[in-house]
Amino acid sequence: MLLIKCPHCGERPEIEFHCGGEAHIARPLDPSQLDDVQWAELLFYRANTKGVMAERWNHLHGCQRWFNALRNTVSDKILRTYMMGEPRPYIGGEAQGAATGTLSYPAPGERSK
Amino acid sequence: MSHANRLAGRGRIDRSKPIIIQFNGREVPAYHGDTAASALIANGILHVGRSFKYHRPRGVLAAGAEEPNALLDIDRGNGRRDPNNRATVVEAFDGLVTRSQNHWPSLKYDVGTLNDMASPLFSAGFYYKTFMWPSAAWKRVYEPVIRRAAGLGKAPTVPDPDRYVHSHAHCDVLISGAGPAGLAAALAASVDGSRRIIIADEQNEFGGTLLHDLTSTIDGLSASDWVAQTVATLSQRSNVRMLPRTTVVAYYNHNHIALNQRLTDHQSNPSKGMARERLWQVRAGEVIAATGAHERPLVFAGNDRPGMLLADSLRAFINRYGVTPGRNVVIATSGASAYQAAIDAKSAGLFVTIVDYRKRDEIGDERLLATQAGIEILDNHSVIGSTGRTQVTGLIVAPKTASGGVGDVRTLNCDAVGMSGGWTPVVHLVSQSRAKLVFDTALDAFIPGEAYQSERSAGACRGVYALDECLANGHEAGSGAGAAPSAKSSEATGFEPVRLMPTNRQKLRDKAFVDFQNDVTAKDINLAVQEGFQSIEHVKRYTTTGMATDQGKTSNINALGIVAGALELTPPDVGTTTFRPPYTPTTFGAFAGQARGVLFDPERITPMHDWAVKKGAKFEDVALWKRAWYFPQGRETMHDAVQRECRAVRESVGIFDATTLGKIEVVGPDAAEFLNRIYTNSWLKLKPGRCRYGLMLKEDGYIMDDGVVARVADDRFHITTTTGGAPRVLGHMEDYLQTEFTDLKLSLTSTTEQWAVIAVQGPNARDVVAPLVSDIDMSNDAFPHMSMREGKVCGVPCRLFRVSFTGEAGYEINVPSDYGEAVWEAVYAAGQPYDITPYGTETMHVLRAEKGFIIVGQETDGTVTPEDVGLSGLVSKVKADFVGKRSLARPDLVAEGRKQLVGLLTLDPDVLLDEGAQIVDDPQAALPMPMLGHVTSSYVSPNVARGGTGDPQQSGDGRSIAMAMIAGGHSRVGTRLYATTREGFTEVQVTKPVFFDPDGGRANV
């Protein structure tokens, strides 16, 4: 079981937390501007990085606040936690051009190629 | 004869404290400090069980946790009984009741012994080969018979009366094992008082092998005195937590370690309320494994007779417990360490012979020591077999020949044997930690390789056997503060691996056991390899070697060696089986802890719960809530009760506990805008005091939850959610509030537990409620349907909702929870002139189905859009955006042929469809028959006219009604389809999903 450092409460056991999936995927201000493919990519496609990945976590059975965490999906180690809204830190060791943190949407059909 | 096998002047037992334990009803005198095993041996009881497959007489093999044979059923009284306890780790106390297992009718006369004579039938994989067909026989014949004949012990039949607890701890260094390496590590690691140290050992005393070492000295002290001094030193250091009787059972990710501490099993009268075991979860900065090594038996025919022990275990019984299985001892060994056992046995006054597999020139200094002690040594000898039945009477030995065979056979008369086939480091913990294991050919064992987590090993568990080196090793692992303890010891180490002792016997029934617990012989393993099994994991499962409670602690390396030999590979090429937690058998109780009975799954009850109990309500579980399901009167059936309750609400008035609905208070200047973005419908123009039914989608466009929302003030809303959805909805809202709509100012507070909710529904609802309300205008014009007023009911502040989930005019009275029961009683009393009827969730379901109201999770399943259930009217076309809006335009969500909500009326009104029944167009269609959808709700309604199908022949009150999700359902209204029933198909009329009061006029009266 992991110990996770909630930025608000400190280190707490994993069972108090809930993972909300990949971080830094902002909901567009006007979703109607996205075509069907772009919207489907935003909803359903995730980087699923092997290695360091930025994830959303919620201290559900604690302060109930959301924060972001860098987790190594291989070792299952949480390397850093940071506040919601802060940019993704790069701590070295992660794959270059990791697909997390992208705010640009691929052209329609691009990822399906 | 009591204590017949007790040795004078030896052992750590307390002879001033005699106790009596029971074995199969017989009284066995023992001393405080004995284990069940040493007590039995002291009294000459060597035959303590029957083996698993062949039901051969078996005795104690080891002195510690690795024991495969001596499994006892332990009874501590009052239902505190459990099977499969290793006699070697059960501490004896006065009154302990033990029984042998795995025999019928008795230990002495066991019918299962026939298996031994018929053993050629029971070779490797015999289950698979023998019981092949007919398959029906498995259930009726094979399995019941096999289960009775095989199996270890009998499961307890009553609930475990003991209490178990969980504890959590953090430390800088966790040391597993308090033998020489562990103690030296603890001493060094704890010098720095700021480091928190936990040292755990599975035995009652710290010291490990030092507890039976009578000849070595450490820092000038005897081993025993050094242990006492070290334990005293450690106990004076406040940064050290010492946990005896505590097994480190599991090593999980990120140095999360599980320890099982046995608190009361050694006590004859544990104080009431004392927990039996404590499961520790420790987060350790670093783990030091000082878990020692297990001795291996030699593999030869008949190596399993009672009285034949592992050599160092025999030494432990002699030195630590002052007992011996016999006076005439043969030590059979392929290595040096057993010589100390021989020397100690000799010094205890026993007659000792050593049979050494090794050639004379391969034997080291130990030879001289043994000779000086007057022990005869037969070197370069093999063991061919043994004699005896319930106790060994002789060991058959022969000199090895140069060609690999054996010479003239002779029998050494003996009544005790100590075997040593070398040592296997206990690498279980480090393997669980995902550290690599590497095979060391010189040691003939797997030892820890590169660490994966923050751990290291010290002493025998990494193949360091000499005492002085163990101490230095532990000292270094413990960060090396201070001077390392220094030992003088005559114990020798090193051995020559031998897989199967050379023999001149090839008879089929000769049994050279590798795995004692599972009765797996060398022949079985060779047969498995011959039959094509090459992976050690496959050999394990085919032969069962290394399985069951001991997990092959004494047998795995011998088995591996034999497999490797048969395949002409080296052991590392064959590899080892996976070590999985727990290290030793651990009670279910320890894992469950306090999560049992009422604490297993918390129950939520409403303030009116006790009232419902008194009224005889039956309850159903909804999420964690206990909800009143129906209120049977007298001997009324559920059906009759529900029909009566349904009629009462439509005809007069019913009272219903709606407390469990989720409630969230949304407060802030942007509260309305927030709801506007979360719900599909519009909220900005809703006036304070008005309510609206809200529909909430996930971002994927599917219905997530629904409920009535009241605007309490411009900046304050009172939201209700489904009972099961409350936490999910709050979490969903918090997520958007914290991460997406951060521009909005508002707060969300769960108030589910704060309000008790009393629903009063029916044509007489106003007449019941109005007299109790003091400061709200209750007239229909002033307080219409779908509105909310704050005021007082029975003098209690309330939020009074005029809402209806029944289709009748009605109220939901929200009062602070503490007043819930009192207000409920007052409403119930006020309703007596109207014959007010308490109703439960089942009636609530029927009434809402009559009205075609959906239940999220019943009509919807996470793939249903508002349009699918006919609620597209609730989806704002004006709002630019809300959660899920964009998805509603996705091609799949607007495609033709989606499943849509309809009503179904069976042509025969007495036929009640099954919820989940499939709907088809043509029951004659070829298989696989195209399915159109399924029934989501189905009830008998007393309120819907019987002729609901339009069939004028049928009349009378009440009929079955159903709702269903059917492909293209909206366009099928008016057509007929077929539904599956248990008897076949039945024809149904597709209708709109409203069966009662389609105009909805009744709610507005």
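Chain letters run A, B, ... following the sequence lines, proteins first, then strands; residues in each count from 1.
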Q. Non-hydrogen atoms of chain B under 4.5 Å away: do they reach the side chain of A:Trp39, the backbone, both or neither?
A. side chain
Q) Which bit of A:Leu60 is near chain B, if near means a heavy-atom gap under 4.5 Å: side chain, backbone, both or neither? A) neither
Q: Rounded to the nearest 0.5 Å, what's the gap from OH on B:Tyr736 to CZ on A:Arg27? Could you check?
A: 5.5 Å
Q.
If I take atom CG from residue A:Leu42 and atom CD from residue B:Glu699, how far apart are they, to the nearest 0.5 angstrom?
A. 7.5 Å
(Q) Test your reading of the model: is there a side-chain donor-acceptor pair from B:His256 to the backbone of A:Leu3, 3.5 Å cut-off? (A) no
Q: Decide yes or no on salt bridge (charged side-chain N to carboxylate O under 4.0 Å, His left out) for B:Arg283 and A:Glu11, but give the supporting numbers first.
A: CA-CA 12 Å; B:Arg283 299 359 180 82; A:Glu11 281 200 331; over 6 Å; no
Flag if over 12 foreign heavy atoms under 6.0 Å of [atom1], [X]:
X: B:Leu684; atom1: CG; answer: yes
X: B:Glu450; atom1: CD; answer: no
X: B:Phe588; atom1: CZ; answer: no

Q.
Using a 4.5 Å heavy-atom cutoff, which residues in residues 876-887 of chain B come close to chain A?
A. B:Asp881, B:Phe882, B:Val883, B:Gly884, B:Arg886, B:Ser887
Q) Top residue by heavy-atom pair count (under 4.5 Å) with chain A, among B:Pro727, B:Pro891, B:Ala889, B:Gly731? A) B:Pro891
Q | Among B:Leu730, B:Asp735, B:Thr742, B:Thr739, residue most engaged with chain A (heavy-atom pairs, under 4.5 Å) | A | B:Asp735
Q: Evaluate the side-chain contact (heavy atoms from CB on, under 4.5 Å) criterion for residues A:Lys77 and B:Asn253: first the C-alpha distance (whole Å), next the side-chain angles of each, then the deciding distance (0.1 Å), finally the verdict.
A: CA-CA 9 Å; A:Lys77 278 198 175 119; B:Asn253 218 353; over 6 Å; no
Q: Specify the closest pair of heavy atoms between A:Val74 and B:Tyr452, including all atoms of both residues, with the distance to one decimal.
A: O-OH, 4.4 Å
Q | Atom group of B:Gln738 that falls short of 4.5 Å from chain A, counting heavy atoms | A | both
Q: Identify which part of B:Asn255 has an atom lying under 4.5 Å from any heavy atom of chain A, answering side chain, backbone, both or neither.
A: neither
Q: Pick whichever of A:His18, A:Gln64, A:Arg65 has the most heavy-atom pairs under 4.5 Å with chain B.
A: A:Arg65
